Amino acid sequence: MLDLQTLRNDIQDVAAKLKERRNFVMDVDTFVSLESARKSIQSDTEQLQAKRNSISKDIGLAKKNGDDQKASDLMKAVGEFADQLKINEEKLSGIQSEIRDLLSGIPNLPHDSAPIGKTEEDNVEVKKVGAPRSYDFEPIDHVDIGEHLGALDFERATKITGSRFAVMLGGVARLHRAIAQYMLDIHTQRHGYTEIYTPYLVNADSLFGTGQLPKFEEDLFSIPISDEQSFYLIPTAEVPVTNLYRGEILTAEQLPTKFVCHTPCFRSEAGSYGRDTRGMIRQHQFDKVELVQFSHPDNSYEQLETLTGHAESILIDLDIPFRTVTLCTGDMGFSSAKTYDIEVWLPGQNAYREISSCSNFEAFQARRMQTRFRVGKGKTEFVHTLNGSGLAVGRTLIAVLENYQLKDGSVEVPQVLQSYMGGMELIEPS
RNA sequence: GGAGAGGUGGCAGAGUGGUUGAAUGUGGCGGUCUCGAAAACCGUUGUACGUGCAAACGUACCGAGGGUUCGAAUCCCUCUCUCUCCGCCA
């Protein structure tokens, strides 16, 4: 959510920036007319409320003094504007919720350092680490590797549930677990994150807080629990972890607070039919190790750099080539002010594919969640929130399988993961 | 799942229709005293929004949302959470 005061003061400026950078057309006229209506109705309403409150106090006093005549005269006086007050109050709350609805559908303003562009073609590469290795055979993709190993079973997953699910077996299932364990250990021990375990089902308020609702409900799996309430399967650990401090006021000393959380993620992938239908790239369910930070506004951009570095370090340790790009303004998520994507090299696709997305949301989520901090006894201020995948476990598994494949169809276990695999150095066909 | 009891300020805990944004205690902050500290005493101590250059004034908020009333922390309804007992269960 953008700052309402800023919108009131600089609506044209904000609208121009949103158009230029996000190709988002803001309904300025509606906003301006709602605001001016709000202003006059609120002022009228509060004046009437003040009048009613003061007369009501006098009624109390009159009754206390036994002056029933005066009391009933005063009650009559209130009656003269009671209807008007009620109408005003209803109008006001209607307008306020319209303003809120409008506001909650406006995406975040990109940071000045985010490159302006429309599609992923306009993303800017900032870093390229490691060179794709050369193979003396034609590298195959993880689906074929999994098949050779007898360790990936998409058909049975489809039978059990449906398309876009996977079953992993034996060494590959263990490798998947090892990758998650390894990432958690690195981020807690080397990078100072606190491990956190959270619910996988969240309520609508939490999804509003991080920006998935109200606009992107079709991307979520929901579970109705009563006529008026649903729980939602988390699309990312960002949702429960960031909402940890929803509605709370932190102290400045608590910043930055850093959490790492391993969860499954559930996405309906509506609107992506036909894309990445082969293999594990795009699933309804996948595991992810997520990094979340609550930061002081003054250094959230430095924190974004270090957080991105934390995610990259996993690929460096695994010795898998990757590149990091700054997303252009047109390719960024709704809530983000700046995003780096880390793209891992997949020999089976002969391409770099997204494995992590690291974003600074500035106060956009904090404002929706009402997460603030206080300096000493001073005024409260919104925190900045950041998060990044560190990394997507399923895609890391794919990257390991494809980058470490051997000619005979077996797969080497990366050095750093061997201790998590009971010393196993090679995954062979079962 | 059944029965009962409750959600009040950082915390504890009063308050069942009328100057109650809320007693009292405690914690926090400022001060007096002291070489300093403790103790004691005095003062202060929530959030958000609106109008305003500001000072200030006003409005809303006692789990959430509705309702009754001139007036609601207090009465009514719905939801939610916590606790106790029973049942079930990893």
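The shown structure was predicted, so the numbers you read here are calculated from the model rather than taken from an experiment. A note on names: the letters A, B, ... follow the listed sequences, proteins ahead of strands, and every chain is numbered from 1.
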Taking N or O atoms only and anything under 3.5 Å, show me the protein contacts with nucleotides 68-71 of chain B, one pair per line.
from   : atom 1 : to       : atom 2 : distance (Å)
C70(B) : O2'    : Ser56(A) : OG     : 3.0
G71(B) : O4'    : Ser56(A) : OG     : 3.1

Identify the pairs formed between an N or O of the protein and an N or O of nucleotides 62-66 of chain B at a distance under 3.5 Å, and give each distance.
none

Could you go through nucleotides 88-90 of chain B and list every protein N or O atom that sits under 3.5 Å from one of its N or O atoms, giving the distance for each pair?
none

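Counting only residues at least two apart or on different chains, no salt bridge (charged side-chain N to carboxylate O under 4.0 Å, His left out) pair has a member in residues 237-248 of chain A. For residues 151-160 of chain A, the salt bridge (charged side-chain N to carboxylate O under 4.0 Å, His left out) pairs, not counting sequence neighbours, are Asp153(A)-Arg156(A). Applying the salt bridge (charged side-chain N to carboxylate O under 4.0 Å, His left out) definition to pairs two or more places apart or across chains, those involving residues 92-120 of chain A are Arg21(A)-Asp112(A). Among residues at least two apart or in separate chains, salt bridge (charged side-chain N to carboxylate O under 4.0 Å, His left out) pairs with a member in residues 182-202 of chain A are Arg190(A)-Asp317(A).
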Check: residues 85-95 of chain A side-chain donor-acceptor pairs under 3.5 Å, at least two apart:
from     : atom 1 : to       : atom 2 : distance (Å)
Asn88(A) : OD1    : Gln84(A) : NE2    : 3.2
Glu89(A) : OE2    : Gln49(A) : NE2    : 2.9
Ser93(A) : OG     : Glu90(A) : O      : 3.3

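The Glu46(A) side chain lies nearest to G58(B) when the options are G58(B), U51(B), U47(B).
Atom CD of Gln415(A) is surrounded by 12 or fewer heavy atoms from other residues, nucleotides or ligands within 6.0 Å.
Not counting sequence neighbours, the partners of Asp141(A) by the salt bridge (charged side-chain N to carboxylate O under 4.0 Å, His left out) test are Arg278(A). Remark: Glu269(A) engages Arg282(A) in a salt bridge (charged side-chain N to carboxylate O under 4.0 Å, His left out) (not counting sequence neighbours). Partners of Thr257(A) under the side chain to side chain donor-acceptor pair (under 3.5 Å) rule, at least two apart in sequence or in another chain, do not exist in this structure. Under the rule for a side chain to side chain donor-acceptor pair (under 3.5 Å), the partners of Glu35(A) that lie at least two apart in sequence or sit in another chain are Arg8(A), Arg38(A).
Base-pair partner of C35(B): not found among the strands shown (Watson-Crick or G-U wobble, both distances under 3.5 Å). When both distances must be under 3.5 Å, the Watson-Crick or G-U wobble mate of A64(B) is U78(B). Nucleotide A72(B): unpaired (no Watson-Crick or G-U wobble partner with both distances less than 3.5 Å). Nucleotide G21(B) forms no Watson-Crick or G-U wobble pair with any nucleotide shown, as no partner meets the under 3.5 Å limit on both distances.
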